[in-house]
Amino acid sequence: MEATGYRLIADEGELREAAARVSAAEYVGLDVETTALSPLDGRLRLLQLATPGGTFVVDLFGVGSLEPLRGVLEGGPVKVAHNSKFEYSFLKHECGIAVSPIFDTMLTSQLIAGGERGLSHSLEEVVRRYLGRELDKTVRAEDWSGDLSRRQLEYAARDAAVLLPLHGKLRRVLREEKLEYVARIEFAAVPSLAEMELAGIRLDRRRWRELERVVRERRDRVARELEAQLPQPEGVLPLEGLGPGINLNSPGQVIEAFRALGLDLPDTREWTLMRVDHPAAKLLLEYRELQKKLGTYLETYPDYIHPGTGRIHASFAQCRVPTGRLACSHPNIQQIPHEDEFRSCFVAGEGYLFVIADYSQIELRILAEVSGDEGFVRAFRQGEDLHRVTAATMFGVPMEEVTGEQRSAAKRINFGLAYGRGAQSLSAQLGTDEERARELIDEYFASYPKVQRYLQGAAEKALRQRTLRTLSGRVRKFGDTSGLDRKARSALRREAMNFPIQGSSADIAKLAMIHMRRELEGLDARLVNSIHDEFVVECREEIAGEVAERVRRSMLRAGETLLRRVPVEVEVAISPEWRK
DNA sequence: GGGCCGAGCCAC
DNA sequence: AAACGTGGCTCGGCCC
């Protein structure tokens, strides 16, 4: 790698001069070094700006304020960054600067990869893949809070400088691969995600603790009843209430205990236990549910409350999921149990309310759109109850005469097909035999012939052309499909049928987040959670009505941008708690 | 003590 | 023998 020239900026005068030089550039590489990984816990130390004419390394412990750079960072040249959510978050939180416009080389690499597994998207790997250069990343782990070595400064400058040739290369690839539109969506969504993380969400600690106590009592009671049913393991004296007993969380020990009862289990999954006719099996299922709630949610979530803000700041990964859905972690606030007793512990702050908005049946609307099936499209256009219409057509009865059971079967098929579900699994869910399930599917496809044609077409295309796209052009690439066994082939077919539907839904959700941020700008209102087709916005109580309308408008606009033949519907609720 | 993996299960 | 797409988290159980 070539020697890196850079200029260290250590006072305000030099910074103003640098800002003037940088503002003339069309693209600048942007990178920061920080004293911690979260802006809530650490500070910016260095800010690097790379232009074709040279790289500036700004020492924030020297300049004090980045105000002279505001004009460069907000508007002005395109800022090229790798994982720009990081730069955005620090600059927004620490300086109130909203970086824009953005070109993100990590998101670009992820879009181009199309969900292929095993590809790293670290700067080091992406530079190796697209530029054929080696970057030494060993300096990153060093301490950035004290005096900086020459090596550290060079490293910092080089990381920013490499973004320019990388951008040049990736821009060409984006164009060749027809990914420019979806890339624009991703880049524009970065501020929405960053600000959602910074905002965090409030968990009512007292109510959560109370719920924990109740659930723990229930669990302990079930555990005692269950242990009374199971034989004690050998070599353990049955000391009352003191025994180590068996570990109910260990599938191995549970299988052993059931064997002693004369029940041979292949595994201890829910599906297996459900059909075991023994009170211990029912108790174990009950125990599992309570243990899951306790261990995964109740005991651990309070640890995520940030001491500084008193709120939970989860992280959202923008392009980690091949379909384009967000992934959430630390903790995952997309998987809170749906029951009100859990969700209602997430509350708006004092004087604030939640606006909770979700898309109604968005994936089925997408299926209608992409398949173009007239019956399906008509049902949505006329605002009918789709499951009822489906049942009426499938079973050949008038709408008014559809029974609850028929509607429920139709609903399960409607949803199942979007996941590529087959007769076998459908029969298990409906409690019919496989032949009957096959008949139902046939009747379904007879009612909606273009849906069948579409789904089969997607599966074939994945196998033959090995690439599929969503409505925004997001691509999913499938590896070599020639050597797959039957099982792997059918798994791939199912994935192929699902990808455009789930992926287009993610496209719409991301567009909605972009619109929403603009619609809410200047209001005391912000997005605090995003659960695929649902958004939770927190706002001052006085403006909740107005915010609800703006959220609805943003979501409808996003839906209508990508769905041209099918109407979009959004349901909005206002509540001090996260609940329906 | 940390890392890894499979089983199991929560969400959409 | 067994399920139906996308994830993340906790646990036991194993390794170094």
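What you see is a predicted model; the values in this text were computed from it and never measured. Per chain, numbering begins at 1; letters A, B, ... match sequence-line order.
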Fill in the blank from the handout: Sequence neighbours excluded, the answer for ring-ring contact (aromatic ring centres under 6.0 Å, His included) partners of Y304(A) is none

Exercise for the section: Quick one: label R343(A) by what it contacts on the DNA or RNA (base, sugar-phosphate, nothing), any heavy atom closer than 4.0 Å. Expected result: sugar-phosphate

Exercise for the section: Taking side chain to side chain contact (heavy atoms under 4.5 Å, CB included) as the test, write out the residues that go with S360(A), two or more places apart. Expected result: R365(A), E569(A), E571(A)

Practice task
Report the residues that fulfil side chain to side chain donor-acceptor pair (under 3.5 Å) with S505(A), sequence neighbours left out, ordered by chain and then residue number.
Solution key: none

Fill in the blank from the handout: Hits for side chain to side chain donor-acceptor pair (under 3.5 Å) against R320(A), two or more places apart or cross-chain, chain-then-number order -> none

Practice task
Please report, rounded to the nearest Å, how far the P atom of dA2(C) is from the CZ atom of R486(A).
Solution key: 14 Å

Handout entry: Within residues 205-223 of chain A, residues whose heavy atoms come under 4.0 Å of DNA chain C
Key = none

Problem - Listed partners of A36(A) passing side chain to side chain contact (heavy atoms under 4.5 Å, CB included), at least two apart - result: D41(A)

Exercise for the section: Check every strand shown and say whether T268(A) touches a base, only sugar-phosphate, or nothing at a heavy-atom separation below 4.0 Å. Expected result: sugar-phosphate

Under 3.5 Å, N/O pairs linking protein and nucleotides 2-5 of chain B:
none

Handout entry: ring pair (Phe, Tyr, Trp, His ring centres under 6.0 Å) between H387(A) and F415(A), intermediate numbers included
Key = CA-CA 10 Å; H387(A) 303 313; F415(A) 285 123; 5.4 Å; yes

Practice task
Report the distance from atom CZ of R269(A) to atom P of dC10(B), rounded to the nearest whole Å.
Solution key: 15 Å

Practice task
Run the numbers on L471(A) and L563(A) for side chain to side chain contact (heavy atoms under 4.5 Å, CB included), then give the verdict.
Solution key: CA-CA 8 Å; L471(A) 290 171; L563(A) 301 188; 3.6 Å; yes

Fill in the blank from the handout: Residues passing the ring-ring contact (aromatic ring centres under 6.0 Å, His included) test with F187(A), sequence neighbours excluded, are F103(A)

Exercise for the section: Under 4.0 Å between any heavy atoms, over every strand shown, what does I501(A) touch: base, sugar-phosphate, or nothing? Just pick one. Expected result: nothing

Exercise for the section: Quick one: list whatever passes ring-ring contact (aromatic ring centres under 6.0 Å, His included) with Y454(A), sequence neighbours left out. Expected result: none

Practice task
Indicate whether OP1 or OP2 belonging to dC9(B) is found under 4.0 Å from a side-chain N or O atom of R288(A).
Solution key: yes

Problem - Rounded distance (Å) that lies between atom C1' of dC12(B) and atom CD of E339(A) - result: 15 Å

Practice task
Quote, to the nearest angstrom, the C1' distance that separates dC5(B) from dC4(C).
Solution key: 23 Å

Completion exercise
Expected string for nucleotides 4-12 of chain C under the B/S/- scheme (protein heavy atoms, under 4.0 Å, primed atoms plus P, OP1, OP2 as sugar-phosphate) is BBBBBBSSS

Atom pairs and distances, side-chain donor-acceptor, residues 437-449 of chain A, under 3.5 Å, sequence neighbours left out:
unit_1: E439(A); atom_1: OE1; unit_2: R436(A); atom_2: NH1; d: 2.9
unit_1: Y444(A); atom_1: OH; unit_2: N414(A); atom_2: OD1; d: 2.7
unit_1: S447(A); atom_1: OG; unit_2: E443(A); atom_2: O; d: 2.8
unit_1: Y448(A); atom_1: OH; unit_2: T390(A); atom_2: OG1; d: 3.0

Problem - Interatomic distance, Q334(A) CD vs dC9(B) C1' [rounded to whole Å] - result: 16 Å

Problem - Between P of dG8(B) and CG of L284(A), the distance in whole Å - result: 10 Å

Practice task
List for me each residue that meets ring-ring contact (aromatic ring centres under 6.0 Å, His included) alongside F354(A), sequence neighbours excluded, and say none if there are none.
Solution key: none

Problem - Value in whole Å for how far the P atom of dA2(C) lies from CE of M274(A) - result: 16 Å

Handout entry: Spacing of L285(A) atom CG relative to dC9(B) atom P, expressed in whole Å
Key = 7 Å

Practice task
Write down the distance between CG (L273(A)) and C1' (dA7(B)), rounded to a whole number of angstrom.
Solution key: 12 Å

Problem - R579(A) and S575(A): side chain donor to acceptor below 3.5 Å - result: no

